[in-house]
Amino acid sequence: EKADLDRYKAIAFVNCHILTPEKRELINGLKKDKTCIFMGGYGYADGKTLDIENVNATLGMNMAKTDAKELIASDESCEIPGGYRPLFCVEDDAAEVIATFDNGKTAVAKKGNTVYCALPYFTKATAKEVLKSAGVHFWTDSGEPVNVGFGYAALNCQRAGERSFFLKNGKEITVKTENFETVVIDLATGEIV
């Protein structure tokens with residue numbers, strides 16, 4: 001309630017295990033015009049109980065517990081840390097499956113404007129698919145972090161080489177770096193400053 005969320009198309013909630021009914025109602029209101037991404041055991045606790053029905057009420061999806069050992073996405077698989085339990089899966093025929101577990105259960109799914117990911121992180125391809133469906137603007141093809149504000153973007157280059165940077169007006173800029181560095185771009189002109 002303190003943040004100005006108007007400029008965002010997607011909002012991620014990571015490891016928000018305790019969720020009161022009042023907070024759940026506030027967050028559910030965001031789903032009307034934004035993609036809400038819930039990661040981990042979202043809303044499993046309500047301050048009084050630990051119940052999968054709390055998760056179901058928050059997500060609007062039917063959930064179950066699973067004993068999976070690995071998440072399998074289109075670009076990679078990752079082992080689930082043993083201490084990360086309880087682990088939830090989506091069991092809802094109306095949800096679109098994005099990634100699965102090694103046991104065939106659904107690990108990442110979308111239903112309406114709600115996305116659920118069982119782990120508190122995405123693989124690169126899964127994140128891109130989820131954010132693209134939300135209509136989020138992709139600033140670069142490299143997947144590197146970008147900070148945007150006050151008419152500028154800072155591309156935090158994590159490797160030497162060439163990558164593309166995409167302005168919202170459709171202009172594409174080629175950014176070359178020799179080392180790890182941050183490149184600042186004027187969003188109005190596309191000039192590297």
Side-chain angles (χ1 to χ4, degrees), residues 2-17 27 30 34-42 68-85 87-88 96-102 106-110 113-193:
K2 295 179 183 177
D4 177 11
L5 302 176
D6 291 341
R7 65 188 186 126
Y8 298 102
K9 294 182 180 178
I11 302 168
F13 298 91
V14 183
N15 281 337
C16 299
H17 300 291
I27 291 167
L30 295 173
K34 300 185 184 321
T35 296
C36 291
I37 304 164
F38 302 102
M39 305 175 91
Y42 195 84
K69 306 284 187 265
E70 192 174 13
L71 183 139
I72 301 169
S74 62
D75 59 335
E76 65 179 307
S77 62
C78 55
E79 190 174 326
I80 299 164
Y84 198 79
R85 300 287 186 258
L87 187 62
F88 300 100
E96 172 191 346
V97 177
I98 297 172
T100 60
F101 288 117
D102 57 329
T106 301
V108 182
K110 180 177 182 186
N113 283 350
T114 300
V115 175
Y116 176 73
C117 179
L119 300 177
Y121 51 84
F122 280 130
T123 65
K124 185 177 177 180
T126 302
K128 188 172 184 177
E129 182 177 341
V130 167
L131 295 173
K132 188 174 184 179
S133 74
V136 171
H137 178 75
F138 287 86
W139 293 101
T140 180
D141 61 352
S142 67
E144 293 167 313
V146 178
N147 300 61
V148 178
F150 305 102
Y152 295 93
L155 173 59
N156 299 291
C157 301
Q158 299 175 332
R159 60 174 171 75
E162 191 174 289
R163 76 267 297 138
S164 294
F165 188 86
F166 309 102
L167 297 175
K168 284 192 172 183
N169 66 10
K171 185 176 180 181
E172 181 178 335
I173 300 164
T174 299
V175 177
K176 296 179 186 177
T177 61
E178 297 297 321
N179 295 302
F180 298 96
E181 57 188 282
T182 298
V183 177
V184 178
I185 300 164
D186 183 313
L187 295 176
T189 65
E191 180 183 355
I192 295 175
V193 294

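Numbering starts at 1 and runs along the sequence shown.
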Check: [Y] and [X] side chains under 4.5 Å, non-hydrogen atoms:
X	Y	result
V115	S133	no
S142	R159	yes
L155	R163	yes

Within a reach of under 6.0 Å around [atom1] of [X], are more than 12 heavy atoms found that belong to other residues, nucleotides or ligands?
X	atom1	value
F166	CZ	yes
E79	CD	no
K128	NZ	no

Atom [atom1] of [X] and atom [atom2] of [Y]: how far apart are they, to the nearest 0.5 Å?
X	Y	atom1	atom2	result
K132	T35	NZ	OG1	14.5 Å
E70	F101	CD	CZ	11.0 Å
T189	N169	OG1	CG	10.0 Å
L71	T126	CG	OG1	7.0 Å
I192	I173	CD1	CD1	6.5 Å
Y152	E191	OH	CD	8.5 Å

Identify the two heavy atoms, one from [X] and one from [Y], that lie closest to each other, and give their separation to 0.1 Å.
X	Y	result
C16	Y42	CB-CE1, 3.2 Å
A68	L87	O-CD2, 3.8 Å
I27	C36	O-SG, 4.5 Å
G190	L167	CA-CD1, 3.7 Å
M39	P120	CE-C, 3.8 Å
K69	R85	CD-NH2, 4.5 Å

Working for side-chain contact (heavy atoms from CB on, under 4.5 Å), residues L187 and K168:
CA-CA 8 Å; L187 295 176; K168 284 192 172 183; over 6 Å; no
Could you give me the CA-CA distance, side-chain angles and deciding distance for L131 and K9, then say whether side-chain contact (heavy atoms from CB on, under 4.5 Å) is met?
CA-CA 9 Å; L131 295 173; K9 294 182 180 178; over 6 Å; no
side-chain contact (heavy atoms from CB on, under 4.5 Å) evaluation trace for K34 with N113
CA-CA 6 Å; K34 300 185 184 321; N113 283 350; over 6 Å; no
Candidate list T140, N156, T182, I185, test side-chain contact (heavy atoms from CB on, under 4.5 Å), partner V146, passing option
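Testing each of T140, N156, T182, I185 against V146, the sole residue satisfying side-chain contact (heavy atoms from CB on, under 4.5 Å) is T140.
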Please report the C-alpha distance between V130 and K110 in whole Å, then the side-chain angles of each, then the deciding distance to 0.1 Å, and finally whether the side-chain contact (heavy atoms from CB on, under 4.5 Å) criterion is met.
CA-CA 8 Å; V130 167; K110 180 177 182 186; over 6 Å; no
Aromatic rings H137 and W139: how do their planes relate, parallel, tilted or perpendicular, breaks at 30° and 60°?
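H137 and W139: perpendicular rings.
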Of the options Y116, F88, F13, which is the one that meets F38 in a ring-ring contact (aromatic ring centres under 6.0 Å, His included)?
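For F38, the ring-ring contact (aromatic ring centres under 6.0 Å, His included) check succeeds only for F13.
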